[in-house]
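Heads up, the thing below is written out as structure tokens.
In what follows, chains carry the letters A, B, and so on, assigned in the order in which the sequence lines appear, proteins first and then strands, with residues in each chain numbered from 1. Worth saying up front: this structure is predicted, and the values here are computed from it rather than measured.
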Number of protein chains: 2
Amino acid sequence: MTIKGFIVKSTIVTYTRPMAFPPFAVTVDLVVFTIRDDALHVLTIRRGESPFKGRKALPGGFVKVNEDLDTAAARELLEETNIGSVDRLHLEQLGTYGTPKRDPRMRTVSVAYLAFAADLATPVAGTDAASAQWSPLSATLSTKMAFDHLTILQDGLERARAKLEYTTLAASFCSNPFTIADLRHVYELVWDTTIDPRNFHRKVLASEGFVEPTGEHTSAGRGRPAQLFRPGPATQLHPPVRRQH
Amino acid sequence: MTIKGFIVKSTIVTYTRPMAFPPFAVTVDLVVFTIRDDALHVLTIRRGESPFKGRKALPGGFVKVNEDLDTAAARELLEETNIGSVDRLHLEQLGTYGTPKRDPRMRTVSVAYLAFAADLATPVAGTDAASAQWSPLSATLSTKMAFDHLTILQDGLERARAKLEYTTLAASFCSNPFTIADLRHVYELVWDTTIDPRNFHRKVLASEGFVEPTGEHTSAGRGRPAQLFRPGPATQLHPPVRRQH
DNA sequence: CGAATAGTGTCTTTAAGACACTATTGA
DNA sequence: TCAATAGTGTCTTAAAGACACTATTCG
């Protein structure tokens, strides 16, 4: 078993004794969704090195020796975007991917995380190939991605779709404050459907704790000005907003 | 960084070069539920060695060098129970637990799996401390378990409860064939509620593909003989069987 | 004004829950 | 016979969906 040298930050762990368990590299990978230009986008990087040089990949990196998995995911997210803090942002574990040959260099187990961001979270500027970009989701789903990242992305999308049904996470996609139409737009783009605006409006207002009125209204735009809301205290929806079945 | 020697099966990986990433041990842990004696039970082992000597723990073990995570989980499950094959059994990834100090001996990341078994899956006989036992769930939830296994168990229970709502997995708890009352019993024990037998009966029969009649009936027992069913082809329930909210 | 979007009222349909009632067995 | 469990019918209630209608803005 040979493992190519690969230096991560400045951490090099030297280990010279026989080990009693197979050593694995553990990474976190991030599926970060946002809405911009009226379409769902995912945060990607372009690989500058072999393997999979030139392909799109999910942002991520090695978990540090004394770092919690959740902390590693939050750290990578902060490094890749200029979102101020991880507080007003949803980050959850998606699943773990550890097929033996998924990384040809070494045996790697990747813990994938799913995040929803409002559009203010623009990627960190940078000209190197590893800087993150927002990629339109629909196009990205039909490209070849590095490693098993396309599978992870598909799983992340399905999780996001399911979560909108019974949680208030759609509000995480909206900058604050937002209108009911903004919120509806999230559902329509993530589910790739259309929703009756009138029934949706009534439904959201009837869901205790989903949104709270700010008292303000939108100033400009076609049509009647809309009320502005902020996210309410609820996290789960009873009853859920149902997808077509 | 020192790691105590610890031999797993007969696999010893010798690694003598500087490594460019922090080495982790990767394990799988299993939350296996079954119903016996009219109560939900979970498969546990009793730890025979330090750390946490004498405490209950979830069955599990190291992932092998060239083994997929799912395969490792299935292998451990087959090793601990005498269920014939993994075919008629539900096994899904639950989550990954990797807090730095969760195993005091070394940095370990554990990928937890959730399984539902019909009662025919009795644990492997054996007198050593590591042999698996069915433990009543309610009692187990109030014991101190090894590592973070109590947290994993709680997460597994919540996942199981949620999954019964919108999937046909309750049938995985029933030996084949089963009655509608058997199926209702699964819901009642996992959710710790009572369900109206008459409404449940109608609801299950109205769910396309949930169960299929075998044409047979139960022979003995109090009351009118019940029809026997086998699991149908459906995996998802539309509409779901709702929990109280 | 008309087009566009916000928001309300109300009817229909679907599904959940309560519960009376019949069916078929063993003790 | 009664107690127990299986299974059906039907009414009530809650929520989803269709859609007419009013409200308020911009061009």
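We find that CZ of A:R242 is positioned 13 Å from C1' of D:dG17, with the value rounded to whole Å. Between the CZ atom of A:F200 and the C1' atom of C:dT8 there is a distance of 17 Å, given to the nearest Å. In this structure, CZ of A:R202 is placed 13 Å from C1' of D:dC21, rounded to the nearest angstrom. A:L228 places its CG atom 11 Å from the P atom of C:dA6, with the value rounded to the nearest Å. Across the protein-nucleic acid pair, B:R224 atom CZ and C:dT22 atom P stand 13 Å apart, rounded to whole Å. Taking atom NE2 of B:H238 as the reference point, atom C1' of C:dA16 lies 18 Å away to the nearest angstrom. For the pair A:H217 NE2 and D:dT25 P, the computed distance is 9 Å after rounding to whole Å. The separation between A:R243 atom CZ and D:dG17 atom P is 13 Å, rounded to whole Å.
Within a heavy-atom distance below 4.0 Å of DNA chain C, the residues of residues 159-197 of chain A found are A:A181, A:R184.
Under 4.0 angstrom from either OP1 or OP2 of C:dA15 there lies no side-chain N or O belonging to B:K203.
Toward the 5′ end of DNA chain D lies the nearest nucleotide of A:R198, the other residue of the pair A:R222 and A:R198 mapping further downstream.
Listed for the B:D182 side chain is a donor-acceptor partner under 3.5 Å among the backbone atoms of B:T179. Formation of a donor-acceptor pair under 3.5 Å by the B:R159 side chain with backbone atoms of B:L94 is found in this model.
Applying the salt bridge (charged side-chain N to carboxylate O under 4.0 Å, His left out) rule to pairs touching residues 204-218 of chain A yields A:E212-A:R230, sequence neighbours excluded.
When each of D:dC19, C:dT24, C:dG7 is scored by its nearest atom to the side-chain atoms of A:N199, the top-ranked nucleotide is D:dC19. Comparing D:dT25, C:dT5, D:dG7 by their closest approach to the side chain of A:P225 singles out D:dT25. Out of C:dG17, C:dG7, D:dG7, the shortest distance to the side chain of A:A226 is found at C:dG7. The side chain of A:H201 approaches C:dT8 more closely than any other nucleotide in the set C:dG17, C:dT8, C:dA23.
Under 3.5 Å, the side chains of A:H90 and A:E92 contain a donor-acceptor pair of N or O atoms.
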Donor-acceptor list for residues 193-200 of chain A side chains, cut-off 3.5 Å, not counting sequence neighbours:
from   : atom 1 : to     : atom 2 : distance (Å)
A:D196 : OD1    : A:R198 : N      : 2.8
A:D196 : OD1    : A:R198 : NE     : 3.3
A:D196 : OD1    : A:N199 : N      : 3.0
A:D196 : OD2    : A:R198 : NH2    : 2.8
A:N199 : OD1    : A:R202 : NH2    : 2.6

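Within a 6.0 Å radius of CG in B:N176, other residues, nucleotides and ligands contribute more than 12 heavy atoms.
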Stepwise side chain to side chain donor-acceptor pair (under 3.5 Å) test for B:T44 and B:S135: CA-CA 6 Å; B:T44 57; B:S135 300; 2.7 Å; yes

